[in-house]
Amino acid sequence: VEQLDEYFFYNRKLFTINYLLDTTWFFKKVLFQISLIKYGRVKPYKQIAKILKNKNAYRAVANASASNPLPIIIPCHRVIRSSGEVGGYRGGVINKKYLLSLENKTGNFF
């Protein structure tokens, strides 16, 4: 809770809590790649699929992102469409836009 408070009040850019993911190996690989996206940066679903050596798996990457059990901590809001559009978000697109704007490095998404 303390780290989330720090994030929302502009003092935390990286989370240092330990967690265990109970999901498939592919989803774990996707969520690990998402966890590497730095504060204020974004990465397209397709780029993550390419990093995982399966350029056509961008929909599976999107599904793994949508199944993220630790949103914000594993920053799936930083994953966008290749077109630059925000894309979907389990917490709602308006919340994804808010989080991206909060980080204020990718422009104003509102």
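The first residue in the sequence is number 1, and the count goes up from there. Values reported hereafter were calculated over all heavy atoms of this structure, with side chains retained and with hydrogens, waters and symmetry mates removed.
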Can you list everything that forms a side chain to side chain contact (heavy atoms under 4.5 Å, CB included) with [X]? Sequence neighbours excluded, please.
X   : result
Y45 : Y58, V61, A62, S65, V79, R81, K96
N54 : N56, A57
Y19 : I17, L21, S35, L70, I73, I74
S67 : F27

Next item on the list: Could you tell me how the ring of F8 sits relative to the ring of Y98: parallel (under 30°), tilted (30 to 60°) or perpendicular (over 60°)?
Entry: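 Aromatic pair F8/Y98 classed parallel.
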For a quick test of reading the model, state the closest non-hydrogen atom pair linking [X] to [Y] and the distance between them.
X    : Y   : answer
H77  : L99 : CD2-CB, 3.5 Å
L102 : Y7  : CD2-CE2, 3.4 Å
I37  : K43 : CD1-CB, 3.8 Å
Q33  : I51 : OE1-CG2, 3.4 Å

Check the surroundings of atom [atom1] in [X]: do more than 12 heavy atoms from other residues, nucleotides or ligands lie under 6.0 Å from it?
X   : atom1 : result
K28 : NZ    : yes
K50 : NZ    : no
D22 : CG    : no

Notebook entry, point to check: What is the distance from atom NZ of K13 to atom CD of E103, rounded to the nearest 0.5 Å?
Noted result: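 So the gap between those two atoms works out to 9.5 Å.
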Next item on the list: Drop me the distance from L52's CG to F26's CZ, to the nearest 0.5 angstrom.
Entry: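 Spacing of CG (L52) from CZ (F26) equals 5.5 Å.
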Note to self: Using side chain to side chain contact (heavy atoms under 4.5 Å, CB included), reason through N68 and R90 one step at a time and then give a plain yes or no.
What the structure shows: CA-CA 9 Å; N68 179 2; R90 187 164 107 192; 5.6 Å; no
Item checked: Common cluster, L4/I34, ILVMFWY with side-chain heavy-atom separation under 4.5 Å ->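 The answer is yes; both residues are in one hydrophobic cluster.
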Item checked: For F32, the rest of its hydrophobic cluster, which grows through side-chain links under 4.5 angstrom ->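 Members alongside F32: L36.
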Next item on the list: Measure the shortest side-chain to side-chain distance between P71 and Y89 over non-hydrogen atoms and say whether it is less than 4.5 angstrom.
Entry: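 Side-chain contact under 4.5 Å: yes.
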Next item on the list: State which residues pass salt bridge (charged side-chain N to carboxylate O under 4.0 Å, His left out) with R12; sequence neighbours excluded, sorted by chain then number.
Entry: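 R12: salt bridge (charged side-chain N to carboxylate O under 4.0 Å, His left out) contacts with E6.
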